[in-house]
Amino acid sequence: MANRNKLNIPEARRMLDKLKIETASELGITNYDQIDKGQLSSRDNGRVGGNMVRKMIEAYEQRYKNQ
């Protein structure tokens, strides 16, 4: 099975991790970087990922709009 989590830009991992922690914090999940994600519900983990995608889309749309 191929690794689907490979990034084209390796430095992006740090920024994605920062976005993940920021998003979790906004959703009321503290210490997201230190907790066992297996202890969180699928719903909570999905909320974090879904909101991350929403933020990335909004940032892209904003950048596109300003061009």
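Contact of the Tyr64 side chain with the Glu61 side chain is not registered, since no non-hydrogen atoms from C-beta on lie closer than 4.5 Å.
Looking only at atom types and distance, the side chain of Tyr32 has no donor-acceptor partner in the side chain of Asp17 under 3.5 Å away.
Looking at every heavy atom in both residues, Val48 comes nearest to Thr23 through O-CG2, 3.7 Å. Residues Leu19 and Met56 approach most closely at CD2-CG, 3.9 Å, considering heavy atoms.
A donor-acceptor pair is defined here as one N or O able to donate and one able to accept, closer than 3.5 Å; such a pair exists between the side chain of Asn51 and the backbone of Arg47.
More than 12 heavy-atom neighbours from other residues, nucleotides or ligands sit within 6.0 angstrom of NZ on Lys37. Asp36 CG: more than 12 foreign heavy atoms inside a 6.0 Å radius. Dense packing is recorded around NZ of Lys55, with more than 12 heavy atoms of other residues, nucleotides or ligands lying under 6.0 Å away.
Atoms CD1 and CD1, from Ile29 and Ile35 in turn, are 6.5 Å apart once rounded to the nearest 0.5 Å. How far CD of Glu26 is from CD1 of Ile21: 12.5 Å, rounded to the nearest 0.5 Å. Of the inter-residue distances, the one linking Met15 atom CE with Glu11 atom CD reads 11.5 Å to the nearest 0.5 angstrom.
Two different hydrophobic clusters hold Val53 and Ile9 under the rule that ILVMFWY side chains link at heavy-atom gaps under 4.5 Å. Under a hydrophobic-cluster definition in which Ile, Leu, Val, Met, Phe, Trp and Tyr are linked whenever side-chain heavy atoms come within less than 4.5 Å, directly or via other members, Met52 and Tyr60 are assigned to different clusters.
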